[in-house]
Peer 1: 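Structure incoming, see below.
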Amino acid sequence: MSGTFTKLKNAYHLLKSIDFRMLAKLSEKVDLSQVMASVAKMDDNQLNGLMKMLTSRGSKKKLPPVDGDFYDISSRLNAEDRALQLKVRAFMEKEIQPIVNEYWLKAEFPFEIIPKFRELNICGVTYDGYGCPNRSYLMEGIIAMEMARVDASIATFFGVQSGLAMGAIYMLGSESQKDEWLPGMQQLNTIGAFGLTEPEVGSGAAGGLTTTAKREGDTWVLNGQKKWIGNATFADVIVIWARDVDDNQVKGFLLRKGTPGLSVEKMHDKMALRIVQNGLITMKDCRVAESDRLQRANNFRDTSRVLRMTRASVAWEAVGCARGAYENALAYTRTREQFGKPIASFQLIQGHLVEMLSNLTAMQTMVYRLSEIQDEGGLKDEHASLAKVFCTLRTRDVVRGAREVMGGNGILLEYNVARFVADAEAIYSYEGTKEINSLIVGRAITGYSAFV
């Protein structure tokens with residue numbers, strides 16, 4: 001009798017706890033008897049799993065931060081450098097991210113950012129004097145990465161200004177030339193460009209420049225064309241590399257804006273780095289004073305000193321481009337739902353993400369060591385070239401993976417990854433192609449030069 005009473009009591013409490021209106025709605029969607037039969041057959045582990053799934057729905061899962069620095073390389077920075085890294089990141093996210101797609105689409109440069117850029121005080125970051133910060137090469141690389149993480153075009157603009165143009169003057173100019181140009185360039189009051197590549201001469205610049213320089217007394221007469229020159233359309237000074245017709249050596253010249261015979265035509269219809277204002281430069285009997293010849297640039301080996309320095313920064317830019325694509329893709333997969341749950345929970349998507357992160361982490365550790373070698377004074381051409389080859393190749397893999405996990409949305413500018421995919425192609429080619437950089441490394445490791 002007591003057993004029957006207990007059963008009735010339990011049944012009463014069970015009925016009291018059931019919401020019959022909800023049960024009626026549920027019966028319209030599923031076969032309740034089948035559900036009950038299936039649940040009754042479950043063991044304890046299966047029941048616990050089912051309850052965990054049911055109780056977790058609707059509660060917000062705490063997710064790890066979206067961060068491409070998986071090996072925490074930033075922790076290796078001292079407090080001052082880490083603060084500067086975060087300052088540059090905040091600038092890029094606040095000032096550049098909201099406008100970048102608009103300007104990229106229009107292929108225009110946002111000149112309104114230059115005064116704000118000036119406040120960062122980072123141009124000529126590794127140089128000593130002339131108002132420059134005199135920071136490490138590692139810090140220069142970190143800055144390049146942080147910029148490219150949001151937009152590779154702005155990183156390229158900065159690389160031309162701070163690296164190529166200022167670097168050529170800092171490394172190869174006379175003291176009077178440094179005093180005249182570097183303080184203004186450091187403050188972005190003066191914009192520079194670097195004219196090496198020509199319409200018919202890219203990789204063969206070492207011995208095949210067609211732009212000529214002829215000395216006539218205290219002046220030089222420049223004739224020829226340069227192509228793909230970033231910042232050229234609005235530069236105040238362009239470092240022009242030309243072949244001296246008398247000794248056949250490459251020399252550098254500071255070509256001032258407005259020089260008679262100088263014209264610059266903006267290049268159109270680019271599919272990558274669309275914010276960068278690349279120009280086709282034409283020089284017809286441009287006369288340059290001997291005082292505007294880079295006094296310590298006497299052959300292409302001197303030019304290569306500048307390229308070696310900036311090639312290391314380009315490797316860091318590739319890392320930034322890859323990191324931006326990876327982080328945008330990761331964030332997307334955690335909010336995009338298919339089949340009732342975020343696609344980040346799918347095995348195949350996680351496989352793509354891990355492959356991307358593996359490439360990114362390998363790139364980061366490589367460029368970190370590269371900058372250490374540079375700060376130690378041991379950087380060689382082959383060191384910078386190997387990093388340029390590897391990082392730009394792997395960046396292509398990462399941006400492709402980011403595009404993959406985003407499906408059709410991966411080709412829309414609003415999700416940013418499409419821009420990274422396109423810009424990765426330009427980074428892959430400039431500052432030395434894969435083939436040229438591979439031959440530089442190949443010569444170093446075999447002892448044989450395979451250059452034609």
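Both backbone and side-chain heavy atoms feed into the values below; hydrogens, waters and symmetry mates do not. Start at 1 with the first residue, then count along the sequence.
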Peer 1: Rounded to the nearest 0.5 Å, what's the gap from CG on Asn298 to CD on Gln249? Could you check?
Peer 2: 8.5 Å
Peer 1: Donor-acceptor pair, Lys270 side chain versus Ala426 backbone, under 3.5 Å?
Peer 2: no
Peer 1: Report the residues that fulfil ring pair (Phe, Tyr, Trp, His ring centres under 6.0 Å) with Tyr448, sequence neighbours left out, ordered by chain and then residue number.
Peer 2: none
Peer 1: Which pair of heavy atoms, one from Arg311 and one from Ser385, lies closest together, and at what distance?
Peer 2: NH1-OG, 3.7 Å
Peer 1: Can a donor-acceptor pair be found, under 3.5 Å and without considering hydrogens, that links the side chain of Gln177 to the backbone of Ser174?
Peer 2: yes
Peer 1: One pair to check against side chain to side chain donor-acceptor pair (under 3.5 Å): Tyr103 and Ser153. What are the steps and the verdict?
Peer 2: CA-CA 10 Å; Tyr103 278 94; Ser153 289; over 6 Å; no
Peer 1: Would a distance-only check, ignoring hydrogens and angles, find a side-chain to backbone donor-acceptor pair under 3.5 Å from Ser304 to Leu307?
Peer 2: no
Peer 1: For Ser74 and Asp69, which I'm curious about, is there any donor-acceptor pair between the side chains at under 3.5 Å?
Peer 2: yes
Peer 1: With a sphere of 6.0 Å drawn around CZ of Arg296, does it hold more than 12 non-hydrogen atoms of other residues, nucleotides or ligands?
Peer 2: yes
Peer 1: Just verifying a value: how many Å separate Arg394 CZ and Arg400 CZ, rounded to the nearest 0.5 Å?
Peer 2: 8.5 Å
Peer 1: Would you tabulate the side-chain donor-acceptor contacts of residues 350-363 under 3.5 Å, counting partners in other chains and residues two or more places apart, or write 'none'?
Peer 2:
| unit_1 | atom_1 | unit_2 | atom_2 | d |
| --- | --- | --- | --- | --- |
| Gln350 | NE2 | Ala344 | O | 2.9 |
| Ser358 | OG | Val354 | O | 2.8 |
| Thr361 | OG1 | Leu357 | O | 2.8 |

Peer 1: Under 3.5 Å, is there a donor-acceptor pair between the side chain of Asp375 and the main chain of Tyr137?
Peer 2: yes
Peer 1: Could you pull out the closest heavy-atom pair between Gly192 and Gln161, with the gap in Å?
Peer 2: N-OE1, 2.8 Å
Peer 1: With under 30° as parallel and over 60° as perpendicular, where do the rings of Tyr127 and Tyr170 fit, or are they tilted in between?
Peer 2: parallel
Peer 1: Going through the distances and angles, do Glu95 and Lys116 end up as a salt bridge (charged side-chain N to carboxylate O under 4.0 Å, His left out)?
Peer 2: CA-CA 8 Å; Glu95 303 294 344; Lys116 301 172 183 177; 3.0 Å; yes
Peer 1: Kindly write out the residues that satisfy side-chain contact (heavy atoms from CB on, under 4.5 Å) with Val421, not counting sequence neighbours, or none if the list is empty.
Peer 2: Val399, Arg403, Val417
Peer 1: Could you please spell out the steps behind the salt bridge (charged side-chain N to carboxylate O under 4.0 Å, His left out) verdict for Arg443 and Glu382?
Peer 2: CA-CA 8 Å; Arg443 180 177 59 194; Glu382 54 265 31; over 6 Å; no
Peer 1: Is it true that Arg243 and Thr212 share a donor-acceptor pair across their side chains at a distance under 3.5 Å?
Peer 2: no
Peer 1: Quick check: closest heavy atoms across Asn134 and Thr126, and the distance to 0.1 Å?
Peer 2: OD1-O, 3.8 Å
Peer 1: Are any side-chain N or O atoms of Gln277 and backbone N or O atoms of Ala107, one a donor and one an acceptor, separated by less than 3.5 Å?
Peer 2: yes
Peer 1: If only side-chain N and O atoms count, and only distance matters, is there a donor-acceptor pair under 3.5 Å linking Tyr428 with Thr433?
Peer 2: no
Peer 1: Please walk me through it: do Asp72 and Arg76 pass salt bridge (charged side-chain N to carboxylate O under 4.0 Å, His left out)?
Peer 2: CA-CA 8 Å; Asp72 199 18; Arg76 309 288 294 177; over 6 Å; no
Peer 1: Between atom CG of Leu273 and atom CZ of Arg419, what is the distance when rounded to the nearest 0.5 Å?
Peer 2: 10.5 Å
Peer 1: What orientation do Phe234 and Phe109 show, parallel under 30°, tilted 30 to 60°, or perpendicular over 60°?
Peer 2: tilted
Peer 1: Side chain of Glu327, backbone of Gly68: donor and acceptor closer than 3.5 Å?
Peer 2: yes
Peer 1: With a 3.5 Å distance limit and no angle check, can you tell me whether Ser345 reaches the backbone of Pro342 through a side-chain donor-acceptor pair?
Peer 2: yes
Peer 1: Sequence neighbours excluded, which residues qualify as ring pair (Phe, Tyr, Trp, His ring centres under 6.0 Å) partners of Trp220?
Peer 2: Phe253
Peer 1: Would you say the side chains of Gln186 and Asn121 form a donor-acceptor pair under 3.5 Å?
Peer 2: yes
Peer 1: Show your working on side chain to side chain donor-acceptor pair (under 3.5 Å) between Trp104 and Asp151 and close with a plain yes or no.
Peer 2: CA-CA 9 Å; Trp104 194 93; Asp151 180 54; 5.2 Å; no
Peer 1: Could you give me the CA-CA distance, side-chain angles and deciding distance for Lys284 and Asn223, then say whether side chain to side chain donor-acceptor pair (under 3.5 Å) is met?
Peer 2: CA-CA 5 Å; Lys284 294 182 178 179; Asn223 282 284; over 6 Å; no
Peer 1: Do any N or O atoms from the side chain of Ser438 and from the backbone of Lys434 form a donor-acceptor pair under 3.5 angstrom?
Peer 2: yes
Peer 1: For Phe390, give me all partners under ring pair (Phe, Tyr, Trp, His ring centres under 6.0 Å), at least two apart in sequence or on another chain.
Peer 2: none
Peer 1: Start with the C-alpha distance between Tyr430 and Val314, add both sets of side-chain angles, then the distance that settles side-chain contact (heavy atoms from CB on, under 4.5 Å), and finish with yes or no.
Peer 2: CA-CA 9 Å; Tyr430 71 35; Val314 172; 3.6 Å; yes
Peer 1: Looking at CG of Leu370 and CG of Leu379, how far apart are the two atoms once the value is rounded to the nearest 0.5 Å?
Peer 2: 5.5 Å
Peer 1: So which atom in Leu172 and which in Asp302 form the shortest heavy-atom distance, rounded to 0.1 Å?
Peer 2: CD1-O, 3.6 Å
Peer 1: Evaluate side chain to side chain donor-acceptor pair (under 3.5 Å) for Thr310 paired with Glu431, printing each intermediate quantity in order.
Peer 2: CA-CA 8 Å; Thr310 56; Glu431 288 273 0; 3.1 Å; yes
Peer 1: Would Phe158 and Cys123 count as a side-chain contact (heavy atoms from CB on, under 4.5 Å) here? Give the steps.
Peer 2: CA-CA 8 Å; Phe158 177 78; Cys123 272; 3.9 Å; yes
Peer 1: Would the distance check show the side chain of Gln295 and the main-chain N or O of Arg293 forming a donor-acceptor pair, the cut-off being under 3.5 Å?
Peer 2: yes
Peer 1: Does Gln225 offer a backbone N or O that forms a donor-acceptor pair with the side chain of Thr211 under 3.5 Å?
Peer 2: yes
Peer 1: Which atom names give the shortest non-hydrogen contact between Gly230 and Val160, and what distance separates them?
Peer 2: O-CG1, 3.7 Å
Peer 1: Which heavy atom of Gly124 sits nearest to which heavy atom of Pro133, and what is that distance?
Peer 2: O-CD, 3.4 Å
Peer 1: Walk me through it: do Glu290 and Arg215 pass the test salt bridge (charged side-chain N to carboxylate O under 4.0 Å, His left out)?
Peer 2: CA-CA 8 Å; Glu290 164 64 14; Arg215 184 163 186 172; 3.7 Å; yes
Peer 1: Testing the 3.5 Å rule here: is there a donor-acceptor pair between the side chains of Tyr332 and Asn409?
Peer 2: yes
Peer 1: Are the ring centres of Trp241 and Phe194 closer than 6.0 Å?
Peer 2: yes
Peer 1: About how many Å separate CZ of Arg274 and CG of Asn101, when rounded to the nearest 0.5 Å?
Peer 2: 11.5 Å
Peer 1: Rounded to the nearest 0.5 Å, what separates atom CG in Leu84 from atom CG in Leu77?
Peer 2: 9.5 Å
Peer 1: Can you name the side-chain hydrogen bond (donor to acceptor under 3.5 Å, both in side chains) partners of Asn189, sequence neighbours left out?
Peer 2: Arg118
Peer 1: Show your working on side-chain contact (heavy atoms from CB on, under 4.5 Å) between Lys227 and Glu200 and close with a plain yes or no.
Peer 2: CA-CA 9 Å; Lys227 190 176 182 180; Glu200 302 300 327; over 6 Å; no
